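Read the structure below first, then the notes.
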Amino acid sequence: MKRDYLILAAAAGVALYLVNKAGGVQAAVAKVVQGATEVLNSAGGRFANGWRYFSDGTAIDPFGRYYKNGQLIWSPPATPKKTSGVEPIFDYGLTDA
């Protein structure tokens with residue numbers, strides 16, 4: 001139950017941040033309605049390198065980090081990775097070589 005409240009509070013915080021950054025509710029709604037479209041390769045699919053590109057200058061790398069015009073703007077939090085019989089280690093989205 002506590003986790004649900006934390007998720008709800010985090011979502012509300014993100015929404016308030018986006019509205020504030022957009023300059024108000026109407027501006028935020030306009031940006032959401034206009035949106036951005038995903039840029040696809042010449043075959044009409046996603047790029048094979050794992051990156052996703054969007055018409056507004058946003059890109060998402062294979063590890064889920066968001067970039068806007070080349071600058072990192074958001075990175076997913078590290079989550080504990082459970083292992084048997086060992087203390088949890090943090091998984092930063094990297095795979096074992």
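The figures that follow rest on heavy atoms only: side chains count, while hydrogens, waters and symmetry mates do not. Because the structure is a prediction, the values reported are computed rather than measured.
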Next on the checklist: Please find the pair of heavy atoms, one from Phe54 and one from Val39, that lie closest to each other, and give the distance.
Outcome noted: C-CG2, 3.9 Å
Next on the checklist: Test of understanding: clusters of I, L, V, M, F, W, Y form through side-chain heavy atoms closer than 4.5 Å, transitively. Do Ile60 and Leu72 belong to the same one?
Outcome noted: no
Next on the checklist: Any side-chain to backbone donor/acceptor pair from Asp61 onto Trp51? Under 3.5 Å, distance only.
Outcome noted: no
Checklist entry - Quick one: salt bridge (charged side-chain N to carboxylate O under 4.0 Å, His left out) pairs with a partner in residues 48-57, sequence neighbours left out? => result Glu38-Arg52, Asp56-Lys68
Item to check | Those residues that, when tested against Trp74, pass side-chain contact (heavy atoms from CB on, under 4.5 Å) (two or more places apart) | outcome: Tyr66, Pro76, Pro77
Item to check | All side-chain contact (heavy atoms from CB on, under 4.5 Å) counterparts of Ser55, not counting sequence neighbours | outcome: Ala36, Thr37
Checklist entry - Arg46 and Leu40: which non-hydrogen atoms are nearest, and at how many Å? => result N-CD2, 4.3 Å
